[in-house]
Every structure is written in C-alpha cells, then in structure tokens.
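Here is the structure we will look at.
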Amino acid sequence: MLEPVTKKFEDGSTLETFRFTFFCDICGKAVKEITYPYKPPFKAKFFISKSERRARELLWLHDHDSAYERANKEVLLQFNRCPACGKRVCEDCYHELEGLCRECSGKVRGEKDVG
Ligand SMILES: [Zn+2]
Ligand SMILES: [Zn+2]
C-alpha cells in the first residue's frame with residue numbers, strides 16, 4: 001500500500017463504510033475525514049460457507065485498497081504542502097504569503113543563526 005499523505009492517519013473502516021481520517025503534520029488536528037459507503041457486490045444470505053466468507057473478505061480488502069488510494073488523492077487538495085520540509089499542513093499551520101509551513105517560516109524569520 002502507498003504511504004498516506006499525512007504522517008498521522010487513521011483507518012476507521014468497517015464492513016459497511018470505508019473511513020479514512022487525515023491529520024495536520026504539525027498541529028495534529030484532524031483536517032479531513034473521507035468516507036465511502038461499501039456496497040457489497042453479493043446478496044445477503046443467511047448461511048455462507050467458509051470459502052465464501054473468505055472470498056467476501058478478499059473482495060472487501062480489494063475495495064478497501066482502492067478506496068484508500070482514492071481518499072489519498074482526494075485529500076491532497078485539503079492540505080498545503082510545505083516546499084521546504086515536505087510536510088502536509090492545515091491552513092493554520094501554513095503561511096500563504098511565504099509559501100512555507102509555520103515551522104519553516106519561523107526558521108527563516110528567526111534571529112541570526114548562532115554558531
Ligand atoms: Zn495544523
Ligand atoms: Zn516546512
């Protein structure tokens with residue numbers, strides 16, 4: 001699986017819903033939660049055999065992986081990417097004018113380097 005867009009990421013997927021939450025790399029605030037309903041391509045049945053259950057699990061996993069990739073693409077637009085450190089940060093942690101995240105912008109503006 002590909003790396004999540006943000007360092008902190010939560011996967012709260014269930015059998016009914018795929019749910020992915022992405023957090024700001026600096027303040028750790030949840031910036032975006034993406035959910036997709038999972039529609040199983042098979043009918044509900046009272047009895048399912050072991051092998052059928054396994055097949056359903058594999059289908060779910062496969063769809064889960066596609067949902068995960070889709071969520072990562074969608075969430076890219078919700079974050080600002082700092083060109084200096086590569087962190088994905090929320091609006092609060094991004095200086096629009098300087099085009100840098102809070103941490104890097106502080107370093108640039110900070111007092112002269114000591115040593
Ligand atoms: Zn933030
Ligand atoms: Zn930065």
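Both ligands and their constituent atoms are indexed starting at 1 by order of listing. Residue numbers count from 1 along this sequence.
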Quiz item: Taking the Zn ion (ligand 1) as the vertex, what is the angle from SG of C90 to SG of C27, given to 10 degrees?
Solution: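 Seen from the Zn ion (ligand 1), SG and SG are separated by roughly 110°.
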
Self-check item: Closest non-hydrogen atom pair between R102 and I26, with its separation
Solution: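 Heavy atoms only, the tightest pair is NH2-CG2, 3.2 Å.
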
Quiz item: What closest approach, in Å, do I34 and A71 show between heavy atoms, and which atom pair accounts for it?
Solution: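 Heavy atoms only, the tightest pair is CD1-O, 3.5 Å.
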
Quiz item: Are R53 and E57 close enough for a salt bridge, meaning some N to O gap below 4.0 Å?
Solution: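 Looking at R53 and E57, the cut-off is not met.
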
Quiz prompt | Charged N-O contact under 4.0 Å between K87 and E103 | solution =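 Result for this pair is yes, salt bridge flagged.
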
Exercise. May I ask you to check whether Y38 and F18 place their ring centers less than 6.0 Å from one another?
Key: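 They qualify: ring centres under 6.0 Å apart.
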
Practice problem: Could you check whether the rings of H64 and F20 sit parallel, tilted or perpendicular, using 30° and 60° as the cut-offs? | Solution: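 Geometry flag for F20 against H64: tilted rings.
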
Quiz item: Which residues and atoms, counting only protein N, O or S, are under 2.8 Å from the Zn ion (ligand 2)?
Solution: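 Checking every protein N, O and S atom gives C82 SG, C85 SG, C101 SG, C104 SG.
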
